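Quantities reported herein were computed from a predicted structural model and do not represent experimental measurements.
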Amino acid sequence: NGWYFLDPPWKNFEKNLQVHEDGHKRIAEECARAVEQRIIVEGPKPGRNLKRDVNNIFTLYARKPIAYDKETRHGWTQDAVFNSWTVVQE
């Protein structure tokens, strides 16, 4: 009767990490849609500065991944963490 180590639980880690990273992807896609909306759909408008408007969108969305990581504790709340070893007694 002794101790042995199991391989890391890769499948759960990978699945949960993908969920976390998909959250970042969703934020980036929302940003792209907001820029597209401003440039293509709304187009030029009198008295509005397109470059400033797009930069404002980027500024807004630059904060979102930071807030998302804070909310999820960089994936901890989604179990996107890797425990290098699981110890089991035989």
Side-chain angles (χ1 to χ4, degrees):
N1 292 339
W3 294 89
Y4 64 95
F5 296 93
L6 299 177
D7 285 333
W10 280 105
K11 292 210 183 287
N12 284 336
F13 169 69
E14 287 178 322
K15 177 180 64 86
N16 296 334
L17 181 60
Q18 188 61 57
V19 167
H20 178 74
E21 293 305 317
D22 285 347
H24 285 292
K25 179 181 175 185
R26 178 184 47 78
I27 294 167
E29 289 171 340
E30 287 173 7
C31 179
R33 282 191 297 275
V35 169
E36 180 180 58
Q37 172 73 25
R38 178 59 190 94
I39 293 173
I40 297 172
V41 177
E42 295 177 20
K45 293 186 175 185
R48 299 262 317 256
N49 182 311
L50 182 62
K51 182 177 179 180
R52 184 193 66 232
D53 290 351
V54 170
N55 282 336
N56 287 342
I57 292 168
F58 286 145
T59 298
L60 171 69
Y61 277 90
R63 296 180 189 127
K64 290 184 181 248
I66 296 165
Y68 175 70
D69 274 335
K70 184 176 181 181
E71 175 187 324
T72 65
R73 295 179 48 218
H74 294 273
W76 276 88
T77 63
Q78 299 159 308
D79 259 349
V81 294
F82 178 67
N83 297 319
S84 58
W85 297 101
T86 302
V87 181
V88 177
Q89 186 172 12
E90 200 172 40

Any side-chain heavy atom of [X] within less than 4.5 Å of one from [Y]?
X     : Y     : answer
Arg33 : Gln37 : no
Ile57 : Cys31 : yes
Glu21 : Lys25 : no

Grouping I, L, V, M, F, W and Y whenever their side-chain heavy atoms are under 4.5 Å apart, do [X] and [Y] come out in a common cluster?
X     : Y     : result
Val19 : Tyr68 : no
Val35 : Ile27 : yes
Ile66 : Leu60 : no

Rounded to the nearest 0.5 Å, how far apart are [atom1] of [X] and [atom2] of [Y]?
X     : Y     : atom1 : atom2 : value
Asp79 : Thr72 : CG    : OG1   : 12.0 Å
Glu42 : Asp53 : CD    : CG    : 8.0 Å
Phe58 : Arg63 : CZ    : CZ    : 14.0 Å
Asn49 : Asn55 : CG    : CG    : 8.5 Å

Smallest separation among heavy atoms of Tyr61 and Ala34, with atom names
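Shortest heavy-atom contact: CE1-CB, 4.0 Å.
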Quick check: does any side chain N or O of Thr77 sit under 3.5 Å from a backbone N or O of Arg73, one acting as donor and the other as acceptor?
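Not at all, since once roles are kept as given, no pair shorter than 3.5 Å links the two residues.
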Would His20 and His24 satisfy side-chain contact (heavy atoms from CB on, under 4.5 Å), going step by step from the backbone distance to the final call?
CA-CA 7 Å; His20 178 74; His24 285 292; 3.2 Å; yes
So, are Glu30 and Arg26 salt-bridged, with charged N and O less than 4.0 Å apart?
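Salt bridge flag = yes for Arg26 with Glu30.
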